[in-house]
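The first residue of the sequence shown is numbered 1, and numbering continues consecutively from there. As the structure lists them, so they are numbered: ligands from 1, and atoms in each ligand from 1. From a predicted model like this one, the values you see are computed outputs, not experimental measurements.
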Amino acid sequence: MYVDNHCHIFKEYYEDIDKVVKEAKDNKVDILIISGCSKKDILEGLELIKKYDNVYLTIGYHPDEVDNVTDDDISELEKIYNENEKVIGIGEIGLDYYWVKDNKEKQLDLFNKQLELASRLNAPVVIHTRDATQDTINVLKKYNLKGIIHCFSGSKETADIYLKMGYYLGIGGVLTFKNTNLKETIKSIPLNRITLETDSPYLAPTPHRGETNSPKYIPLVAETIAEIKGVSPEEVGRETTNNTKTLFDLDL
Ligand code: NI
């Protein structure tokens with residue numbers, strides 16, 4: 001059994017969500033955790049967790065949303081979190097300096113406010129960080145939180161820092177790409193600190209690179225980890241599922 005710890009399975013990207021959920025199950029991906037990181041996606045996510053027993057949701061505002069979010073919206077996250085048992089974390093939240101660098105202060109402010117919220121709720125966090133490693137580490141060090149560094153693809157040194165801080169590293173399709181240093185880095189990341197994710201519809205693994213990603217492809221990531229670490233895909237599934245259970249306090 002596997003978990004997809006991070007996917008965006010919304011109508012905007014998929015014609016038939018029933019099919020996405022069914023195909024995931026057919027490939028032993030029994031649990032899906034959706035990342036709702038805009039107002040629209042949070043509302044859609046809340047419908048999906050009502051409809052599907054095996055689907056859970058995390059909520060939070062992506063750095064791209066920085067100009068659309070008010071303090072009231074953050075209070076609304078708190079209300080949604082408290083009222084819905086299947087809303088299990090705050091995220092994805094974080095810093096993204098890849099596209100826009102001139103709004104760092106605003107991004108940092110939104111990130112801090114949402115981390116404060118997670119602290120208050122004692123909720124796990126899902127962290128988005130792109131071209132912003134040092135700032136992300138500096139900010140996270142101010143809090144005593146648990147969570148996942150989503151789509152981790154950094155160096156061994158960066159991995160070590162996050163691991164020491166108690167974070168899990170979310171590993172997805174990038175690991176299967178031909179020219180990635182992540183294959184080397186993953187050797188030093190213990191299985192009990194890895195969570196599996198697709199980030200669907202983005203970052204489809206080899207041999208589907210460039211296509212629309214789907215949670216059903218999680219086994220391709222698990223198989224790549226298994227090969228590198230010399231264990232079976234089943235063991236990767238077992239250990240990483242346990243990590244999800246521990247982090248989100250789920251009874252799977
Ligand atoms: Ni994402």
Side-chain angles (χ1 to χ4, degrees), residues 2-14 17 20-21 24 29 31-46 48-49 55-66 68-69 77 80-81 86-100 107 110-111 114-115 118 123-133 136 140 145 147-154 162 167-177 180 182 194-205 208-218 220-221 240 243-244 247-248:
Y2 301 104
V3 179
D4 186 347
N5 285 266
H6 190 116
C7 53
H8 306 263
I9 47 168
F10 300 116
K11 281 183 280 198
E12 192 183 341
Y13 311 114
Y14 301 95
I17 293 178
V20 173
V21 175
V29 186
I31 303 290
L32 310 182
I33 303 177
I34 303 178
S35 168
C37 52
S38 67
K39 285 175 202 171
K40 176 179 111 359
D41 288 357
I42 290 169
L43 291 178
E44 211 177 313
L46 287 168
L48 293 172
I49 58 176
V55 174
Y56 296 81
L57 176 68
T58 64
I59 56 169
Y61 295 106
H62 192 282
D64 287 354
E65 296 293 313
V66 74
N68 306 324
V69 180
L77 292 181
I80 295 170
Y81 185 85
K86 292 178 79 190
V87 175
I88 55 174
I90 300 298
E92 58 187 286
I93 58 174
L95 301 171
D96 194 321
Y97 301 160
Y98 183 77
W99 297 109
V100 189
Q107 288 197 36
L110 176 62
F111 190 26
Q114 296 187 96
L115 291 169
V125 288
V126 178
I127 304 298
H128 173 102
T129 172
R130 193 168 185 200
D131 283 1
T133 303
T136 302
L140 290 179
L145 288 161
I148 297 174
I149 307 299
H150 154 56
C151 197
F152 179 80
S153 58
Y162 288 131
Y167 282 87
Y168 291 91
L169 303 179
I171 303 294
V174 173
L175 181 71
T176 68
F177 295 172
T180 173
L182 191 55
I194 292 172
T195 54
L196 303 180
E197 59 175 55
T198 57
D199 203 19
S200 297
Y202 314 107
L203 295 170
H208 301 282
R209 198 170 173 181
E211 298 170 21
T212 301
N213 201 355
S214 177
K216 69 179 173 188
Y217 294 144
I218 280 282
L220 295 172
V221 179
T240 54
N243 298 340
T244 302
L247 173 64
F248 293 109

Student: Can you tell me if Lys11 has over 12 outside heavy atoms packed within less than 6.0 Å of its NZ?
Tutor: no
Student: Would you call the rings of His8 and His6 parallel, tilted or perpendicular, where under 30° means parallel and over 60° means perpendicular?
Tutor: perpendicular
Student: Would you name the N/O/S atom of His6 that lies closest to the Ni ion (ligand 1)?
Tutor: NE2
Student: With a cut-off of 2.8 Å, does any N, O or S atom of His8 fall short of it relative to the Ni ion (ligand 1)?
Tutor: yes
Student: Name the residue from Thr129, Asp131, Asp96 that meets the side-chain hydrogen bond (donor to acceptor under 3.5 Å, both in side chains) definition with Thr136.
Tutor: Thr129
Student: Please work out which of the three classes, parallel, tilted or perpendicular, describes the rings of His128 and His150, given edges at 30° and 60°.
Tutor: tilted
Student: Where the Ni ion (ligand 1) is the corner point, what angle links OE2 of Glu92 with OD1 of Asp199, to 10°?
Tutor: 180°
Student: N/O/S atom of His128 under 2.8 Å from the Ni ion (ligand 1), yes or no?
Tutor: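 False for His128.
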